[in-house]
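Report on one structure; see the data block that follows.
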Amino acid sequence: MNNSENIFFRILDIFAHFVLLNALWIICCVPIVTIFPSTTALFGVVRKWHTDGHDVGCIRLFFSLFRENF
């Protein structure tokens, strides 16, 4: 029972991070000019999650990549 609860909460945590990341992308894409830096920041965060694990922060990494690509 404990193992299934851990898996459920891990999946829920991953889902919440993706929802937060998509919300950041939508907010930053409101001005049409910033759609390309936001998209590259979105893909950069997902790439960082894939290479370094999912424990990498979402908001700070997104905005640092956004500023780097702007």
Side-chain angles (χ1 to χ4, degrees):
M1 182 77 177
N2 192 16
N3 190 21
S4 64
E5 287 180 3
N6 287 338
I7 292 171
F8 174 73
F9 286 124
R10 183 67 181 160
I11 291 171
L12 190 63
D13 183 47
I14 291 170
F15 180 73
H17 276 91
F18 273 110
V19 167
L20 177 64
L21 185 61
N22 283 319
L24 286 172
W25 182 79
I26 288 171
I27 290 169
C28 290
C29 281
V30 170
I32 299 298
V33 177
T34 61
I35 195 165
F36 295 113
S38 338
T39 304
T40 56
L42 173 84
F43 283 115
V45 170
V46 173
R47 183 181 65 234
K48 191 76 161 174
W49 283 347
H50 184 68
T51 58
D52 293 346
H54 192 29
D55 295 332
V56 178
C58 176
I59 298 173
R60 185 173 292 151
L61 182 61
F62 180 83
F63 282 115
S64 69
L65 290 171
F66 181 77
R67 277 185 255 130
E68 179 181 315
N69 291 308
F70 192 73

Does the side chain of [X] reach to within under 4.5 Å of the side chain of [Y], using non-hydrogen atoms?
{"X": "Trp25", "Y": "Thr39", "value": "yes"}
{"X": "Val46", "Y": "His50", "value": "no"}
{"X": "Phe66", "Y": "Thr34", "value": "yes"}
{"X": "Leu65", "Y": "Phe43", "value": "no"}

**Item:** Spacing of Cys28 atom SG and Phe63 atom CZ [to the nearest 0.5 Å]
**Value:** 4.5 Å
**Prompt:** Can you tell me how far SG of Cys58 sits from NZ of Lys48, rounded to the nearest 0.5 angstrom?
**Reply:** 13.5 Å
**Complete:** For Pro37 and Thr40, the nearest pair of non-hydrogen atoms, with its separation, is O-OG1, 2.9 Å
**Asked** For the side-chain contact (heavy atoms from CB on, under 4.5 Å) test, which of Leu42, Ile59, Ile26, Leu61 pairs with Leu21?
**Response** Leu42
**Partner set under salt bridge (Lys or Arg N to Asp or Glu O under 4.0 Å) for Arg47, not counting sequence neighbours** = none
**Message:** Once ring-ring contact (aromatic ring centres under 6.0 Å, His included) is applied, do any residues pair with Phe18, and if so which ones, sequence neighbours excluded?
**Reply:** Trp49
**Message:** Count I, L, V, M, F, W, Y as connected when their side-chain heavy atoms are under 4.5 Å apart, and connections chain through other members. Are Val45 and Ile35 then in the same cluster?
**Reply:** no
